[in-house]
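The block underneath contains the structure these notes are about, expressed in structure tokens.
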Amino acid sequence: MFLDAQSLEEEFGAKLGLPVLISLAREPVAPEALDPQEREAYARLQGNPRLECWLRGRMALRNLLSRLDESNGPGTLCFPHKVISLSHSGPYAVAAGVKSRATSGFGVDLELSRMPKPGSERFFLNAQEQVWIHTAPPISRPRELLRLWTVKEALFKANPHNRDSLLGHYGLIDPEALAGQARWRGDESIRYRYGTLALDDGFLTIAFRT
Ligand SMILES: CC(C)(COP(=O)(O)OP(=O)(O)OC[C@H]1O[C@@H](n2cnc3c(N)ncnc32)[C@H](O)[C@@H]1OP(=O)(O)O)[C@@H](O)C(=O)NCCC(=O)NCCS
């Protein structure tokens, strides 16, 4: 499957009503090009199967930061972040962000070539969303579950205080919508927006907290 960053930016800009920058990487960054802080993480990841995708993520972040005119290198970034997020799946790493400081939290999640296990919905959907998923035709349920998984993960990443939160704490106003709003534990003062793009082999969701 081929993803094109420019068309993704256009589609998400329209869905979210916010200009979003997206950087895709299929190749890892060369270890010699890593920041000093990244080198520490690189040393810890030796022998870890995640190493290759972590290096791809570093590449995607570098490209994104250069477009955001950030003078600091990717090694100084901490997640969750107000305007930047990262996800990896299959052969891709995707970094996304916004130039304006309009968001107080930002999240991206990419899932390719996988399906959540049947029954896993009780771990990441709230009661109302579980009712909705059981009204979906059984044939489309696995794909709907994967879509909702990316929404919940992107919302989680967009919460600047996500450490003790669970995916089921994020409630979608309309679980069927490909772009919409969400709340955290029903708190009306905390507002999230998200947009999801259906891909051949999965989904890409971007969420932000206003
Ligand atoms: C942290 C978490 C969001 C990562 O998601 P993932 O699908 O495993 O992996 P992704 O590739 O999409 O994202 C990984 C990136 O998220 C970022 N990240 C890590 N922790 C994060 C956090 N707390 N908030 C925001 N972003 C985070 C990092 O940049 C990481 O990439 P890196 O390790 O290369 O730097 C996920 O593991 C998690 O904790 N989810 C919520 C907890 C939960 O409820 N789990 C399941 C219950 S059924």
Side-chain angles (χ1 to χ4, degrees), residues 3 22-29 31 34-35 37-46 48-65 68 70 72-98 103-126 129-130 133 145-172 182 184-185 192 194 196-197 199 202-209:
L3 296 178
I22 294 178
S23 159
L24 297 168
R26 290 188 71 134
E27 298 300 327
V29 71
L34 293 172
D35 289 355
Q37 298 92 332
E38 290 176 309
R39 281 176 195 225
E40 289 171 24
Y42 177 69
R44 282 196 303 273
L45 283 167
Q46 289 308 308
N48 187 317
R50 279 191 61 234
L51 181 61
E52 179 81 8
C53 79
W54 181 81
L55 286 168
R56 268 201 298 275
R58 296 288 118 189
M59 178 66 110
L61 280 177
R62 271 176 172 64
N63 297 340
L64 181 74
L65 290 181
L68 286 172
E70 281 282 336
N72 295 327
T76 57
L77 288 176
C78 287
F79 296 99
H81 193 279
K82 283 184 180 177
V83 296
I84 294 173
S85 185
L86 174 67
S87 182
H88 343 71
S89 190
Y92 284 102
V94 51
V98 280
T103 60
S104 63
F106 195 84
V108 61
D109 195 63
L110 173 69
E111 295 290 348
L112 297 172
S113 311
R114 68 172 281 263
M115 283 296 160
K117 288 196 184 110
S120 62
E121 62 270 22
R122 64 183 187 277
F123 299 115
F124 68 96
L125 298 184
N126 66 22
E129 293 156 352
Q130 287 182 49
I133 196 78
L145 268 185
L146 184 66
R147 173 178 66 80
L148 291 171
W149 173 261
T150 66
V151 176
K152 293 296 183 105
E153 286 273 291
L155 289 166
F156 174 86
K157 291 179 181 178
N159 180 355
H161 315 289
N162 60 19
R163 220 161 75 123
D164 296 320
S165 75
L166 297 172
L167 298 180
H169 289 162
Y170 301 85
L172 311 187
W184 187 74
R185 295 191 131 176
Y192 292 89
Y194 69 90
T196 303
L197 213 60
L199 308 169
F203 293 93
L204 177 63
T205 293
I206 291 179
F208 65 90
R209 180 162 147 163

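One-based numbering along the sequence shown. Whatever order the structure lists them in is the order used to number ligands and atoms, beginning at 1.
Residue pairs that meet the side chain to side chain donor-acceptor pair (under 3.5 Å) test with at least one member in residues 49-61, sequence neighbours left out, are Glu38-Arg58.
A centroid separation of less than 6.0 Å is found between the aromatic rings of Phe124 and Trp149.
If you take CD on Glu111 and OG on Ser89, they are separated by 5.0 Å, rounding to the nearest 0.5 Å.
Donor-acceptor pairing under 3.5 Å is lacking for the side chains of Tyr170 and Asn126.
Of the candidates Thr196, Asp109, Ile22, Ile206 forms a side chain to side chain contact (heavy atoms under 4.5 Å, CB included) with just one, namely Ile22.
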Taking a 3.5 Å cut-off between nitrogen or oxygen atoms, can you list every pair linking ligand 1 to the protein, with distances?
from	atom 1	to	atom 2	distance (Å)
ligand 1	5 (O)	Glu153	OE1	3.1
ligand 1	7 (O)	Glu153	OE1	3.0
ligand 1	11 (O)	His88	N	2.8
ligand 1	11 (O)	His88	O	3.4
ligand 1	11 (O)	His88	ND1	2.7
ligand 1	12 (O)	Ser87	OG	2.7
ligand 1	12 (O)	Asp109	OD1	2.9
ligand 1	12 (O)	Lys157	NZ	2.8
ligand 1	13 (O)	Lys157	NZ	2.9
ligand 1	23 (N)	Asn162	OD1	3.3
ligand 1	23 (N)	Asn162	ND2	3.4
ligand 1	24 (N)	Asn162	ND2	2.8
ligand 1	33 (O)	Arg50	NH2	2.7
ligand 1	34 (O)	His88	NE2	2.9
ligand 1	35 (O)	Arg58	NH2	3.4
ligand 1	40 (N)	Glu153	OE2	2.9

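No more than 12 heavy-atom neighbours from other residues, nucleotides or ligands sit within 6.0 angstrom of CD on Glu27.
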